[in-house]
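One-based numbering, in listed order, for ligands and for the atoms of each. This one's a predicted model, so the numbers in the text were calculated from it and none came from an experiment.
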Amino acid sequence: MRRLTKAATPRSAAGKSPATDKSIAARLDGVPHCGSLIIHAFPFKYGRFMYHHLPVYAGDPILSLHEAFLADPRVNKVSLSIGLYFDEHGRLPVLDCVRQADLKLREQERPSGYLPIEGAPAYRAAVQRLVFGADHPAISQGRIATIQGVGGSGAIRIGADFIKNFMPGSEVWISDPTWDNHESLMQGAGLKVGRYPYYDAKSNGLRYDEMLAFFGNLTSGSVVLMQPCCHNPTGIDLSHEQWAGVIEVMKKNSLVPFLDMAYQGFGSGVEEDAWAVRAMVDAGLCPLVTNSFSKNFSLYGERCGGLSVVCPTAEEADRVLGQLKAGIRRVYSSPPLHGEQLVATVLDTPALNQRWIEEVREMRERILRMRVLLAQNLTAGLPGMSVDFLTEQHGMFSYTGLTATEVDTLRDKHGIYLVRSGRMCVCGLNAGNVKAVADALIVVWKARG
Ligand code: LMR
């Protein structure tokens with residue numbers, strides 16, 4: 001590959017004769033160039049316009065909204081936008097198992113050295129047991145390459161880089177709709193991303209047959225990103241029977257599942273929610289699986305997640321682990337220490353593990369109670385309208401069918417924050433605010449006429 005001549009870049013940095021857009025374009029004309037060359041070629045000059053050519057970041061649709069919520073001075077405001085689990089008092093809980101693990105860890109002297117590139121061995125082993133089941137043969141056969149992720153997002157990005165580097169030409173397919181960041185994370189790695197049918201607005205259900213037919217038409221090696229439980233943003237999950245149909249098509253078409261499990265335990269149970277992951281591995285598929293402890297440990301800021309790549313053989317798993325390490329080393333070098341120690345201590349200490357299972361159950365049951373309570377309040381005020389979807393969906397999120405304008409009205413007039421897609425995080429509901437939320441929804445829905 002040809003490179004730009006020296007004259008094309010640093011002269012302007014020295015402040016002598018800044019390169020103009022035109023002169024750069026002329027030098028680049030016909031030169032095969034990559035992104036880094038373009039960066040060198042920008043008309044660099046210290047001063048007011050150094051970064052003037054940058055587009056303004058519009059903000060993240062979920063995180064910016066949460067910032068707006070925090071800045072909102074209204075006392076009765078309700079956060080139903082960002083995926084945070086709040087307790088009955090509207091607080092982010094500190095789980096008792098985590099508190100106990102923290103106390104236990106504080107009793108020890110803990111120097112803060114670097115973790116291995118791939119993360120702490122005990123944590124990685126705990127991730128495997130939790131995701132695949134403690135006795136899964138793929139673990140004992142050494143067929144799973146697992147790395148500690150910087151949250152679920154960091155794990156997805158490392159997986160995306162891996163696909164980009166080692167599965168050349170693979171396209172990634174995400175559900176329509178999905179969590180916004182799925183697309184950004186995949187595109188950020190340079191992957192082509194498309195959408196497969198998922199949500200049916202008419203029935204507030206799943207476009208299962210269309211989805212299956214779509215998978216049947218994908219070329220072999222295509223990567224299909226799915227969520228094993230508590231689909232974000234719709235709350236609509238596949239039944240076991242439907243998963244079995246997906247597995248059959250994926251095997252037939254040699255598709256590669258990428259399973260993102262961010263809410264394990266918030267659907268039906270910690271073991272139950274991993275059903276699809278395990279069924280795929282049992283069926284001989286080799287999924288990439290990301291998981292997160294943000295929600296089920298209420299450890300959002302600790303950025304604890306994992307990426308596990310299931311391989312046909314242990315020898316391949318070793319190679320994969322090596323390349324995942326190489327990928328991590330050039331991005332953030334090694335993961336952070338404290339959060340993983342909390343998670344591993346809980347999962348490795350039988351009494352704390354038991355306590356965690358109970359606390360996840362309590363969170364799950366509270367979510368369900370809020371769904372029921374909201375549905376009851378809505379039915380009382382809107383007798384003709386079916387809100388069964390609220391109790392049929394799973395996990396933190398519910399797709400309400402509200403339009404962006406209706407969401408804006410809820411926020412502006414009632415201080416109730418939802419994502420503009422109509423996604424509601426039901427974990428922000430509690431006995432003290434559910435009636436007010438239902439009343440506001442009734443006003444908005446009645447205004448439709
Ligand atoms: C969400 O979907 O609201 C959460 O996962 C937070 C995030 O990072 O978007």
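Taking His52 as the reference, Phe49 meet the ring pair (Phe, Tyr, Trp, His ring centres under 6.0 Å) condition, with sequence neighbours excluded. Residues meeting the ring pair (Phe, Tyr, Trp, His ring centres under 6.0 Å) test with Phe397, sequence neighbours left out: Tyr263. Legend: residues meeting ring pair (Phe, Tyr, Trp, His ring centres under 6.0 Å) with His66, ordered by chain and number and at least two apart, are absent.
Protein residues with a heavy atom closer than 4.0 Å to ligand 1 are Ile62, Ile82, Gly83, Trp179, Asn232, Lys295, Phe397, Arg423, listed by chain and number.
Ionic pairing of Asp200 and Lys202 is not present here: no N-O contact between side-chain nitrogen and carboxylate oxygen is shorter than 4.0 angstrom. With salt bridges taken as basic N to acidic carboxylate O contacts below 4.0 Å, none links Arg99 and Asp102.
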Practice task
Starting from the C-alpha separation in whole Å, work towards a yes-or-no answer on side chain to side chain contact (heavy atoms under 4.5 Å, CB included) for Ser81 and Arg423.
Solution key: CA-CA 7 Å; Ser81 58; Arg423 185 193 85 169; 5.7 Å; no
